[in-house]
Undergrad: 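Sending over a structure as structure tokens; questions will come in a sec.
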Amino acid sequence: MNKIMSMAAGFLVVLALAGCGYTPEQRALSGAALGGASGAAIGAAAGNSPGAAVAGGLLGAATGGLVGAATAPPPPPPPPPPCQRYAYDEYGRPFCARAGGYGY
């Protein structure tokens, strides 16, 4: 039972960290590291030998690196809303009195 719980906890950690990185290189590296660790754990649990753990780690690292590099980066933040009405302060400098776009 402890082995199953530790495997489940490890899988949840891998799943939570799977999308780390902004550039394709960062995502490939994090995917390879997480895939290798999870592949080695699954190979060790399934094969009961060091060779199975090594093979699982290599296959997991290769797959994780390929999938990590192929994923899309997060979208950029939205642009600021345009100003609908300008007003002037006591020194004559313009400022945005009513911004639009978000229901102000």
Side-chain angles (χ1 to χ4, degrees):
M1 185 66 177
N2 274 343
K3 191 173 186 179
I4 293 173
M5 292 302 285
S6 63
M7 290 288 289
F11 180 72
L12 288 176
V13 168
V14 167
L15 189 64
L17 296 175
C20 294
Y22 288 100
T23 65
E25 294 84 12
Q26 290 174 343
R27 289 190 307 276
L29 185 62
S30 65
L34 295 172
S38 61
I42 291 171
N48 288 330
S49 70
V54 170
L58 290 175
L59 288 173
T63 305
L66 289 174
V67 170
T71 57
C83 187
Q84 289 185 345
R85 186 173 65 99
Y86 288 96
Y88 297 92
D89 63 5
E90 61 270 6
Y91 300 107
R93 295 179 295 210
F95 67 94
C96 187
R98 181 173 176 210
Y102 294 134
Y104 297 140

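The first residue of the sequence shown is numbered 1, and numbering continues consecutively from there.
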Undergrad: What residues form a side-chain hydrogen bond (donor to acceptor under 3.5 Å, both in side chains) with R93, not counting sequence neighbours?
TA: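 For R93, the residues satisfying side-chain hydrogen bond (donor to acceptor under 3.5 Å, both in side chains) (neighbours in sequence not counted) are D89.
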
Undergrad: List the atom pairs, with distances to 0.1 Å, where a side-chain N or O of residues 39-46 and a protein N or O form a donor-acceptor pair under 3.5 Å, not counting sequence neighbours.
TA:
none

Undergrad: So which pairs with a foot in residues 67-82 pass side-chain hydrogen bond (donor to acceptor under 3.5 Å, both in side chains), sequence neighbours left out?
TA: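 Listed by first then second residue: R27-T71.
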
Undergrad: Nearest heavy-atom pair of G35 and S38: which atoms, and what distance?
TA: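 Here G35 and S38 meet closest at O-OG, 3.2 Å.
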
Undergrad: Please enumerate all residues that pass side-chain hydrogen bond (donor to acceptor under 3.5 Å, both in side chains) together with T63, with sequence neighbours excluded.
TA: none

Undergrad: Taking the hydrophobic residues Ile, Leu, Val, Met, Phe, Trp and Tyr, and joining any pair whose side-chain heavy atoms are under 4.5 Å apart, which ones share a cluster with L58?
TA: V54

Undergrad: Locate the shortest heavy-atom distance separating Y88 from F95; write the atom from each residue and the value.
TA: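 For Y88 versus F95, the nearest heavy atoms are C-CE2, 3.6 Å.
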
Undergrad: Quick one: list whatever passes side chain to side chain contact (heavy atoms under 4.5 Å, CB included) with A62, sequence neighbours left out.
TA: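 For A62, no residue satisfies side chain to side chain contact (heavy atoms under 4.5 Å, CB included) once neighbours in sequence are set aside.
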
Undergrad: More than 12 foreign heavy atoms under 6.0 Å from OH of Y86: is that the case here?
TA: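 Count not over threshold, so no.
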
